[in-house]
Structure formats: C-alpha cells, structure tokens
Amino acid sequence: MKNDTRRGRDLIKRTAVPPGDRMSRIVQNIKSLTTNEDFMKPLKPWGFNFNPTPIVVPARRLPTPPLRNGAVPIDVKSHSESWDVKFSWPMFRSAPFDKWAVVVDAQIMQREGGDFMRSLHKVAADLKINLSDPRIVTTRDNRPGSYRQAVETEVARLQPNFVLILVPRNTEDPYRGIKSFLCKNGVPSQVVTQNTIQKGVLTIATKVLIQMNCKAGGAPWTVDLKLDSPTMFIGLDIHHGGDLEKKSGSVAAFVASIDKDVTKFYSRTFVVRSKQQIFQPIDGPGLGQLTKDAIAAFKTYNRGHAPLNIVVYRDGGSEGELESLLKHEVSEMTDALEGKANLVFFVVLKKIRTRFFPYANGEVQNPQPGTIIDTHITNSKLPEFYLCCQFVNQGSATPTKYQKIYDTSKFNSDTLQMYTYGLSHLYFNWDGTIRTPCVCKYASTLAKFSGQFLRGRESNSALFQKLYYL
C-alpha cells in the first residue's frame with residue numbers, strides 16, 4: 001500500500017472526511033441513537049442523557065515562536081505553520097563531511113549517481129555544509145549481498161564518519177543488514193534509492209543533504225523558546241512491533257535535548273517485556289540511569305552547567321496507567337535527580353476521540369495550528385489541555401491531549417503550553433509543525449527503528465548524540 005500511490009490516494013479520499021462532513025455525521029449518529037428506544041431504555045435508570053448539539057468551548061491560538069537558521073529569521077506561513085527550506089539556507093549548525101564514503105553500484109553511478117553527487121556539492125555551498133569529495137566504494141553488482149559485502153569490508157577499512165548508500169530499489173534487504181552493521185560500528189548513514197535521485201535533482205539533493213547533516217550531528221534550524229534557565233526536554237516512547245532477537249520484547253526509547261537551542265539530542269534504547277507499557281528494562285540501564293547519563297551529556301555540552309528543569313513528555317500512556325507511571329517512571333526519575341533539578345512529567349495522549357470544529361466564514365473548519373483548549377471540558381482534578389499543532393488540509397484534525405501528572409517546577413501553565421507548541425517546530429524531517437513535541441517524535445522514530453532494523457540492540461555509543469535514526 002505504501003508504494004501504491006493510486007490506492008493510497010483512493011484510501012485517503014474515503015477516510016479523510018472533511019471537518020464539515022465529520023461534524024454532520026457525528027451529530028446524525030447521536031440523534032439516531034437518542035431516538036432509538038432499545039438503545040436508551042437500559043440507560044435511563046442510570047440517568048444517562050445525550051445532547052446531540054456540540055458543546056461550545058472557548059479556545060485561543062498560541063503565537064508562532066521565532067524560528068531562525070544559521071543566518072536570518074525564518075518566514076513562517078501563519079495559516080499552515082510551515083516554511084520553505086531554500087537552496088540558499090545556511091544550516092543552523094553544520095556537521096563536517098571531511099571523511100565520508102559513497103557505496104554504489106557501477107551502473108547507478110554511471111547513469112544518475114554522478115549528476116546526483118555534483119548536485120550535492122552544489123547545494124552544500126549554499127547550505128554552508130563542508131562537503132569534501134567522498135571515497136567511492138563500487139559494489140560488484142546491484143544484489144543485496146554485494147552491498148552488504150562492500151559495506152562490511154571496504155567501509156570498515158576506510159572508517160568514514162558518514163556513509164551514503166545508493167541502492168536500486170527500496171527493499172528491506174540490504175537496508176536492514178547495512179543499518180545494523182553501521183549502527184554497531186558507530187557510523188551514521190543515509191540510504192537513497194535510484195528512483196529518488198531520478199527526480200528533481202537539486203530539490204532532492206537539498207533534502208538528502210539536510211537529512212545527512214541532521215544524522216551527522218548538525219541542525220537546519222532552531223526555535224527561540226525563551227528559556228530563562230537551563231532546561232532539558234525528554235521524550236519517552238515504547239514500540240511493540242519489529243523483530244527482536246529475544247522471542248518476546250518491545251523497545252523503549254529515551255531522547256533528551258542537551259543544548260539551550262534544543263537542536264542536540266541524547267538518544268538511548270533498551271528492551272522491555274513484550275507489550276509492557278512501563279519503562280522497566282529486561283536487563284541493562286533503566287530510566288533512572290539514562291536520566292543521569294543524559295544530565296552528564298548536558299553538562300559536558302554546556303561547560304559544566306546542569307539542567308535546573310526537566311520537562312518529560314511520555315508518549316503512549318493511558319488514563320488507566322497514571323498510577324503505574326507515577327509509581328515507577330516518575331519515582332525512578334526523581335530518585336535519579338536527587339532534588340538537584342525540578343521535574344515536570346506530561347502524559348501525551350494521541351489516540352483520543354475528542355474533536356474540535358471552529359466555525360468561521362460560514363463553514364465548519366479544522367482548528368488552526370496552535371489552537372489550545374484548557375477549560376470547560378478538561379479534568380478538574382488533573383491539569384491538562386488539548387493542543388492542535390499541525391496543519392491539516394485533508395480530513396479532520398485530531399488534537400493531542402496533555403496530562404500533567406507531576407510538577408515541582410515554577411513554570412506556569414502558559415509557559416509550559418508555549419514550550420510544548422514550540423517543540424512541535426523542531427522535528428527536522430518536516431519543514432512544519434508536527435502533532436507532538438519533537439522529543440516525542442524522535443523517541444517514537446528511534447524505538448521503531450531499533451525494533452524493526454536493530455532487533456532491539458542498542459547502537460554504538462558514538463551515535464548517542466546523533467539523530468542517526470531519522
């Protein structure tokens with residue numbers, strides 16, 4: 001389905017219901033149920049009553065935080081909260097490519113590879129990325145085994161700091177074997193298919209080089225969150241799919257920001273029991289130790305200054321698991337902090353049925369990016385809010401719900417909401433906002449990558465501070 005674009009478009013047309021139609025269907029369904037005596041009869045003794053009219057709640061839109069690249073502020077389109085990455089953009093932080101290699105089949109290199117390499121060097125100058133000439137490693141042919149052999153022999157001999165692999169088609173083999181070997185040896189890499197580089201060359205070269213820069217330790221842009229004190233943001237997620245070496249197991253991912261610009265991240269994984277929702281490893285370091293390791297990395301990067309505040313976004317929890325999260329995860333992190341830093345712990349709920357439909361210009365619409373609802377329908381005992389970060393032009397927007405289950409900081413609600421929204425602008429694989437804070441998305445991407453391609457094994461420590469899994 002992923003590679004069948006026609007079927008994909010047909011599926012979107014049938015499932016991506018516009019907001020006006022979605023609201024009409026919801027109201028109609030409620031009316032149908034409330035006028036059905038068989039449905040209402042067993043509910044009446046319990047005092048249940050249904051109002052088919054949607055509830056009107058107040059909402060507000062958060063302002064767009066300032067974005068900038070390596071030279072100038074970025075112009076953000078307010079209606080979609082997105083921006084264009086231009087050829088002339090200098091990266092906010094560039095990684096050096098002074099010893100990198102390209103693994104490619106001779107026929108691909110002769111047909112499209114040469115032009116693509118020249119395009120990479122052309123856009124590198126404008127992006128202010130130091131891209132030297134790579135060592136070209138030619139495979140015997142385009143079979144997966146030949147690619148794996150070239151990587152495991154020649155790349156191991158050359159010891160590059162980055163590897164670009166040009167493959168004939170998008171298949172799991174040799175992707176899995178190459179990624180596993182390079183992650184084990186601490187080398188970030190980028191796999192690009194022959195079909196991809198046949199498209200608009202300069203545009204594709206720009207996107208590929210920006211992603212290479214991110215994987216090697218660079219960053220294309222940043223957001224001014226107006227942090228008043230050293231603050232670390234942590235994303236937690238668990239992936240239950242993939243093919244682990246152990247017969248049963250899921251992968252837990254931990255991603256923490258370690259710089260004041262929130263562009264440098266410390267990423268770790270460990271294996272938990274299959275389908276387990278709590279961060280308790282089968283073996284190896286747990287959440288408390290990873291928190292200590294992340295703080296140590298933060299101190300190293302910031303000349304000995306430790307974070308005074310830590311804000312955690314825990315993806316994948318449910319309301320029925322809050323007590324377990326407090327008992328295990330929050331408790332383990334507070335023990336690791338030893339009172340030396342304030343802790344804020346959010347549970348991020350994405351699989352919710354709540355929908356918001358603003359009415360403007362005579363029609364029902366999707367909420368604009370930055371729309372927040374924190375009164376009337378929120379829990380009176382637990383601080384929480386709904387936030388729509390992303391722009392949706394197909395179908396109906398689904399908000400994300402944030403429940404704050406622990407807080408020893410002095411941050412007020414407005415500040416934490418602005419931090420949450422600002423972080424949605426910092427996922428470097430998309431030039432726009434995403435549905436959750438970037439550390440959540442990075443943790444989700446890392447957990448899935450590790451479960452599917454590394455079989456739960458943790459990568460070489462040389463990659464802990466690089467977004468190698470993008």
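The structure presented is a predicted model; accordingly, all values stated were derived computationally and were not measured. Along the sequence shown, the residues carry numbers beginning at 1.
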Peer 1: Identify the two heavy atoms, one from Asp141 and one from Asp105, that lie closest to each other, and give their separation to 0.1 Å.
Peer 2: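 Looking at all heavy atoms of both residues, the shortest contact is C-OD1, 3.4 Å.
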Peer 1: Would you check if the side chain of Gln403 reaches a backbone N or O of Glu384 as a donor-acceptor pair within less than 3.5 Å?
Peer 2: no
Peer 1: Which pairs count as side-chain hydrogen bond (donor to acceptor under 3.5 Å, both in side chains) when at least one residue sits in residues 336-346, sequence neighbours excluded?
Peer 2: Asn309-Asn342
Peer 1: Do the side chain of Thr371 and the main chain of Gln368 share a donor and acceptor less than 3.5 angstrom apart?
Peer 2: yes
Peer 1: Applying side-chain contact (heavy atoms from CB on, under 4.5 Å) to Leu182 and Val155, what does each step give before you reach the verdict?
Peer 2: CA-CA 9 Å; Leu182 292 175; Val155 172; 4.0 Å; yes
Peer 1: Measure the shortest side-chain to side-chain distance between Arg68 and Thr222 over non-hydrogen atoms and say whether it is less than 4.5 angstrom.
Peer 2: yes
Peer 1: So do Gln211 and Val192 actually touch side chain to side chain, heavy atoms under 4.5 Å?
Peer 2: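 Counting from C-beta outward, Val192 and Gln211 never come under 4.5 Å.
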Peer 1: Would you say that Trp430 contacts Lys441 through its side chain, given a criterion of any heavy-atom pair below 4.5 Å between the two side chains?
Peer 2: no
Peer 1: Strictly by ring-ring contact (aromatic ring centres under 6.0 Å, His included), give each pair with a member in residues 133-166 just once, sequence neighbours left out.
Peer 2: Phe97-Phe162
Peer 1: Does any part of the side chain of Cys440, heavy atoms only, come nearer than 4.5 Å to the side chain of Asp237, both counted from C-beta?
Peer 2: no
Peer 1: Report the C-alpha distance between Val163 and Phe181 in whole Å, list the side-chain angles of each, state the deciding distance to 0.1 Å, and finish with yes or no for side-chain contact (heavy atoms from CB on, under 4.5 Å).
Peer 2: CA-CA 12 Å; Val163 178; Phe181 177 83; over 6 Å; no
Peer 1: Consider only side-chain N and O atoms of Ser189 and Lys179, and report whether a donor and an acceptor are under 3.5 Å apart.
Peer 2: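 Side chains of Ser189 and Lys179: pair found under 3.5 Å.
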Peer 1: Please check if any side-chain donor atom of Asn130 sits under 3.5 Å from a side-chain acceptor atom of Asp98, or the reverse.
Peer 2: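 Note: Asn130 and Asp98 side chains miss the donor-acceptor criterion.
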Peer 1: Let me confirm one number: the CG-CD distance from Asn161 to Gln159, rounded to the nearest 0.5 Å.
Peer 2: 11.0 Å
Peer 1: Looking at Lys404, I want to see if its NZ is surrounded by more than 12 non-hydrogen atoms of other residues, nucleotides or ligands under 6.0 Å.
Peer 2: yes
Peer 1: Would you sort out whether Glu81 and Tyr421 count as a side-chain contact (heavy atoms from CB on, under 4.5 Å), showing the intermediate values?
Peer 2: CA-CA 11 Å; Glu81 205 68 7; Tyr421 184 47; 3.1 Å; yes
Peer 1: In Å and rounded to the nearest 0.5 Å, what is the CD1 to CZ distance from Ile278 to Arg273?
Peer 2: 12.5 Å
Peer 1: Looking at side-chain heavy atoms only, is the closest gap between Trp221 and Asp431 below 4.5 Å?
Peer 2: yes
Peer 1: Minimum heavy-atom separation for Pro230 and Ala306, please, with both atom names.
Peer 2: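 For Pro230 versus Ala306, the nearest heavy atoms are CB-O, 3.7 Å.
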Peer 1: Minimum heavy-atom separation for Leu166 to Ile108, with atom names?
Peer 2: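 Shortest heavy-atom separation between Leu166 and Ile108 comes out as O-CD1, 4.1 Å.
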Peer 1: Got more than 12 heavy atoms from elsewhere within 6.0 Å of NZ, Lys207?
Peer 2: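 Counting neighbours around NZ of Lys207, 12 or fewer heavy atoms of other residues, nucleotides or ligands fall under 6.0 Å, so no.
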Peer 1: Within the side chain of Glu154, is there an N or O that forms a donor-acceptor pair under 3.5 Å with the backbone of Val137?
Peer 2: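 Not a single qualifying donor-acceptor pair exists.
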Peer 1: Counting only N and O atoms by type, is there a donor-acceptor contact under 3.5 Å from the side chain of Arg176 to the main-chain atoms of Gln452?
Peer 2: yes
Peer 1: Measuring from atom CG of Leu225 to atom CE of Met418, what distance do you get when rounded to the nearest 0.5 angstrom?
Peer 2: 8.0 Å
Peer 1: Do Phe411 and Tyr419 make the cut of ring centroids closer than 6.0 angstrom?
Peer 2: yes
Peer 1: Kindly check if the number of other-residue, nucleotide or ligand heavy atoms within 6.0 Å of CZ (Arg135) is above 12?
Peer 2: no
Peer 1: Report the distance from atom SG of Cys389 to atom CD1 of Ile372, rounding to the nearest 0.5 Å.
Peer 2: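 It is 8.5 Å, given to the nearest 0.5 Å.
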Peer 1: What pair of heavy atoms forms the shortest contact from Pro66 to Lys226, and how long is it?
Peer 2: CG-NZ, 4.4 Å
Peer 1: Check Lys350 with Asp315, please: is the shortest side-chain N to carboxylate O separation under 4.0 Å?
Peer 2: yes
Peer 1: Have Arg93 and Thr263 got a donor and an acceptor in their side chains that come within less than 3.5 Å?
Peer 2: yes
Peer 1: Angle class for the Phe464/Tyr266 ring planes (parallel below 30°, perpendicular above 60°, tilted otherwise)?
Peer 2: perpendicular
Peer 1: Check whether any side-chain heavy atom of Tyr469 lies under 4.5 Å from a side-chain heavy atom of Phe453, and answer yes or no.
Peer 2: no
Peer 1: Answer with yes or no whether the side chains of Arg457 and Ser180 bring together a donor and an acceptor at under 3.5 Å.
Peer 2: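 A donor-acceptor contact under 3.5 Å links the two side chains.
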Peer 1: Would the distance check show the side chain of Asn302 and the main-chain N or O of Ile258 forming a donor-acceptor pair, the cut-off being under 3.5 Å?
Peer 2: yes
Peer 1: Mind running side-chain hydrogen bond (donor to acceptor under 3.5 Å, both in side chains) on Gln107 and Asn142 for me, showing each step along the way?
Peer 2: CA-CA 8 Å; Gln107 289 187 346; Asn142 62 7; 5.3 Å; no
Peer 1: For the residue pair Phe254 and Pro285, establish whether any side-chain heavy-atom pair is separated by less than 4.5 Å.
Peer 2: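 In short, these two side chains do not touch, never coming nearer than 4.5 Å.
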Peer 1: Between Glu329 and Phe279 (side chain of the first, backbone of the second, donor and acceptor by atom type, cut-off under 3.5 Å), is there such a pair?
Peer 2: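 Yes, Glu329 side chain to Phe279 backbone: donor-acceptor pair under 3.5 Å.
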Peer 1: With rounding to the nearest 0.5 Å, note down the distance linking NZ in Lys351 to NZ in Lys401.
Peer 2: 16.0 Å
Peer 1: Do you know which two heavy atoms are closest between Tyr468 and Pro188, and how far apart they sit?
Peer 2: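 For Tyr468 and Pro188, the tightest heavy-atom pair comes out as CB-CB, 4.4 Å.
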Peer 1: Hey, is the main chain of Ile434 close enough, under 3.5 Å, to the side chain of Gln390 for a donor-acceptor pair?
Peer 2: no
Peer 1: Do any N or O atoms from the side chain of Asn69 and from the backbone of Met91 form a donor-acceptor pair under 3.5 angstrom?
Peer 2: no
Peer 1: Measuring only between side-chain heavy atoms, which start at C-beta, is Tyr402 closer than 4.5 Å to Val348?
Peer 2: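 Yes; the side chains approach each other to less than 4.5 Å.
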Peer 1: For a side-chain contact (heavy atoms from CB on, under 4.5 Å) check, start with the C-alpha distance between Phe92 and Asn213, then their side-chain angles and the critical distance, and finish with the verdict.
Peer 2: CA-CA 10 Å; Phe92 176 72; Asn213 184 55; over 6 Å; no
Peer 1: Spell out, as yes or no, whether a donor-acceptor pair under 3.5 Å connects the side chain of Ser80 to the backbone of Phe391.
Peer 2: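 It does not hold such a pair.
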Peer 1: Do you see a donor-acceptor pair shorter than 3.5 Å between the side chains of Tyr313 and Thr436?
Peer 2: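 Judged by distance alone, the side chains do not pair up.
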Peer 1: How close do Ile310 and Ile295 get, heavy atom to heavy atom, and via which atoms?
Peer 2: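 Heavy-atom minimum between the residues: CD1-CD1, 4.1 Å.
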Peer 1: Would you say Asn366's side chain and Gly395's backbone share a donor-acceptor pair under 3.5 angstrom?
Peer 2: yes
Peer 1: For the CD1 atom of Ile405 and the CG atom of Leu382, what is their distance to the nearest 0.5 Å?
Peer 2: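 It is 8.0 Å, given to the nearest 0.5 Å.
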